[in-house]
Amino acid sequence: MSVTRTRYAPSPTGDPHVGNVRSALFAWLFARSTGGVFAVRIEDTDQERRIPGSEERILNSLRWLGIEWDEGPDIGGPYGPYVQSQRLEGYGEAAERLVELDAAYYCYCTTERLDAIRAAQQKRNVPTGYDRRCRNLSAEEREQEEAENGSHRVVRFKTPLSGRTTFNDVIRGDVSWENRLIDDFVILKSDRFPTYHLANVVDDVAMAITHVIRGDEWMSSAPRHAMIYEAFGYTPPAFAHLPLILGSDRTKLSKRHGSVSLLDYRDEGFLPEAMLNFLALLGWSLDDKTTQMTREELIAGFSLDRVSASPAMFDREKLEWLNGVYIREMPPEAFVEAARLYLDNGLPPEIPRPLDDGLARQAAMLTQDRARLLSEMPELCEFFFTDEISFPPALIWAGMGDKAMKRMADAGDDLWRVPLPEDAEVVRAWLTAAANAIEKIEPWNHESIETRFRALVEELGTSGRKLFGAVRIAATGRTAAPPLFVTLEAIGRDRSAARTRAAAASLLDTELARS
RNA sequence: GGCGCGUUCGUCUAGUGGCCAAGGACACCGCCCUCUCAAGGCGGAGAUCACGGGUUCGAAUCCCGUACGCGCUACCA
């Protein structure tokens, strides 16, 4: 058997859509797994909907995921050019040929007339479609139309009036339509640009595409394509219509479901490996338990007959989990580098740039296994960098495990307005003792900090949970943070001491304010 | 309205006639670990396999019908 050739044929009419990119991924995986060729072809036949920059963004999303193409608009290839607006003559000729073959005809009907018949059909509740007026024009009529309206003629395909058109879908098996239900669709528009149906077939033939792998929304167009192949006398390629990707309301994923552009996910800090892995699992699976797969494993394991026929909902929750898995697996150095960008951009502007390298490094390493998204890093790491941290003194009790206080904190209540518990004076003494201890710890590393703090717990007759919890809030302002001793080490002795002292003082102030 | 496709835990899925009183993963709940949060370990709850008929010794798996959902129904792709 000859080499398999697949293609991804996006229209530059917007940002790279998750669903489209998933189609690209499957076409690419199929090509790679069969040792075939994967091409990208830009289908810019709709001049009105064209959006500048869209083509580059689509290509970039593929590059980001590591889906590399063998032939395409930027690198060319043996069947170029790979942009439809540069192949216009071919479509015109193809349309002419179909007319000569008596498989197509010129239509002079105006948009107004077309709209009117459609409206009438809808009103009568009958199937919409062109009424074939121009299909049966006499020679004289045609001449007259040509003279009067020749400038805005289109070419329509002469759909057989009876019979059935059947094609075999790799994923769904034989699918067949009654020809009489398919109208005479336009193949060449009045601006001499082809419609998708013509351009797609002409190019797939020209580019020797063996497998058309595309989204399920194309299913209903497939019989038209099959007819065009047949009219030309070409053997059609294999078709594989991929299950749709759905939003949370079970309709086709679109903008109103939130982020739908791959680039948005990239900017949010999803890792390309995670995204690739996740997308591959939308409508395909290797077996009953494998979920995590590298690019190579995907290629090795992919096959079209394991593609599901039913649509799949886009589950962001699962994507985030998978991303977290990939983040945790990153070599620390790589993660530090990746996180650095998000820290630079996302940390409050009052923190001086460039960021302290050592601190950024430590902060990133300490939060690596807590992040699901790179974009969470600034929030996760902020307290490492700020000079002053601010928090309601009552939060200290939440940190010490006080259930009621914790509940209020979690509920987002204003803890500034909550009166301090009776033991505020005791806690203040602990914090003061901790601050004093911190100033004397030598050497300044997490081992000696821990040793000293464990001893302090004994001296104060309290528990680690309470003391460490109180100091955690003092040093970070958070109830959730990396382990205390490494955190203090990273923050540094001076800051740790100052923050702990400030926390103690805040309890005093509040006491005074209350009395 | 017409046509097409689809229908297994909330979600992604495994399952291609007996191994399934349906397995895995996310999410959820609990326990363990533990200075908090994560991570990790262990366990739990969660699907009468859309429904109804067949075929068969035997059906989630094959056939028919029904329902529901989605997609398409442009000189858009």
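FYI, side chains are in, hydrogens and waters are out, and symmetry mates aren't considered; it's all heavy atoms of this structure. Naming: A, B, ... by sequence-line order, numbering from 1 per chain.
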* Asked: Does NZ or CZ of A:R153 come closer than 6.0 Å to the centre of the six-membered ring of A:Y106, within 45° of the ring's axis?
  -> yes
Quick test: give all pairs of protein nitrogen or oxygen and nucleotides 3-5 of chain B nitrogen or oxygen below 3.5 Å, distance rounded to 0.1 Å.
| unit_1 | atom_1 | unit_2 | atom_2 | d |
| --- | --- | --- | --- | --- |
| B:rC3 | O2' | A:W177 | NE1 | 2.9 |
| B:rC5 | O2' | A:R172 | NH1 | 2.7 |

* Is the A:Y342-A:F270 ring centre distance short of 6.0 angstrom? -> no
* Tell me: CE of A:M377 to P of B:rA38, nearest whole Å? -> 17 Å
* Asked: Is the NZ or CZ atom of A:R224 positioned over A:F185's six-membered ring, under 6.0 angstrom from the centre and within 45° of the axis?
  -> yes
* Residue closer to the 5' end of RNA chain B, A:P10 versus A:T291 (nearest nucleotide) -> A:T291
* To do: To the nearest Å, give me how far apart NZ (A:K289) and C1' (B:rA25) are.
  => 11 Å
* Asked: A:A312 near the nucleic acid: base, sugar-phosphate alone, or nothing, with a heavy-atom cut-off under 4.0 Å?
  -> sugar-phosphate
Protein-nucleotides 44-49 of chain B N/O pairs closer than 3.5 Å?
none

* Asked: Do A:D203 and A:Q84 have side-chain N/O donor and acceptor atoms under 3.5 Å apart?
  -> yes
* Grab the CZ-P distance between A:R465 and B:rU34 for me, whole Å please. => 13 Å
* B:rC76 P sits how many Å from A:N200 CG, rounded? -> 15 Å
Every protein N/O lying under 3.5 Å from an N/O of nucleotides 39-41 of chain B:
| unit_1 | atom_1 | unit_2 | atom_2 | d |
| --- | --- | --- | --- | --- |
| B:rA39 | O3' | A:R328 | NH1 | 3.4 |

* Does A:V486 offer a backbone N or O that forms a donor-acceptor pair with the side chain of A:E450 under 3.5 Å? -> no
* What is the nucleic acid contact for A:H241, judged by heavy atoms within less than 4.0 Å: base, sugar-phosphate only, or nothing? -> nothing
* Contact class for A:R250 vs. all strands (heavy atom < 4.0 Å): base, sugar-phosphate, or nothing? -> sugar-phosphate
* Asked: Which part of the nucleic acid, if any, lies within reach of A:R113 when heavy atoms closer than 4.0 Å are counted: base, sugar-phosphate only, or nothing?
  -> nothing
* Touch check for A:P12, heavy atoms < 4.0 angstrom, all strands: base, sugar-phosphate only, or nothing? -> nothing
* To do: From the options B:rG6, B:rC75, B:rG24, select the nucleotide whose nearest atom is closest to the side chain of A:S310.
  => B:rG6
* Asked: A:R118 near the nucleic acid: base, sugar-phosphate alone, or nothing, with a heavy-atom cut-off under 4.0 Å?
  -> sugar-phosphate
* **Sugar-phosphate only, base, or nothing, as touched by A:V154 at under 4.0 Å among non-hydrogen atoms** => base
* May I ask you to list the residues of residues 446-460 of chain A, by number, that have any heavy atom positioned under 4.0 Å from an atom of RNA chain B? => A:R454
* For the base of B:rC75, is there a side-chain donor-acceptor partner from A:S190 under 3.5 Å away? -> yes
* Quick one: label A:T290 by what it contacts on the DNA or RNA (base, sugar-phosphate, nothing), any heavy atom closer than 4.0 Å. => nothing
* Asked: A:R156 near the nucleic acid: base, sugar-phosphate alone, or nothing, with a heavy-atom cut-off under 4.0 Å?
  -> sugar-phosphate
* Using a cut-off of 4.0 Å on non-hydrogen atoms, how would the nucleic acid contact of A:L484 be classed: base, sugar-phosphate, or nothing? -> base
* How is A:P243 classified with respect to the nucleic acid when contacts are heavy atoms under 4.0 Å: base, sugar-phosphate, or nothing? -> nothing
* Can you list, by residue number, the residues of residues 278-287 of chain A that have a non-hydrogen atom closer than 4.0 angstrom to RNA chain B? -> A:L281, A:L282, A:G283, A:S285, A:D287
* At under 4.0 Å between heavy atoms, what does A:F185 touch on the DNA or RNA strands: base, sugar-phosphate, or nothing? -> nothing
Nucleotides 62-65 of chain B: which of its N/O atoms have a protein N/O under 3.5 Å away?
none

* Scan A:P311 against the nucleic acid and name what it touches under 4.0 Å (heavy atoms): base, sugar-phosphate only, or nothing. => sugar-phosphate
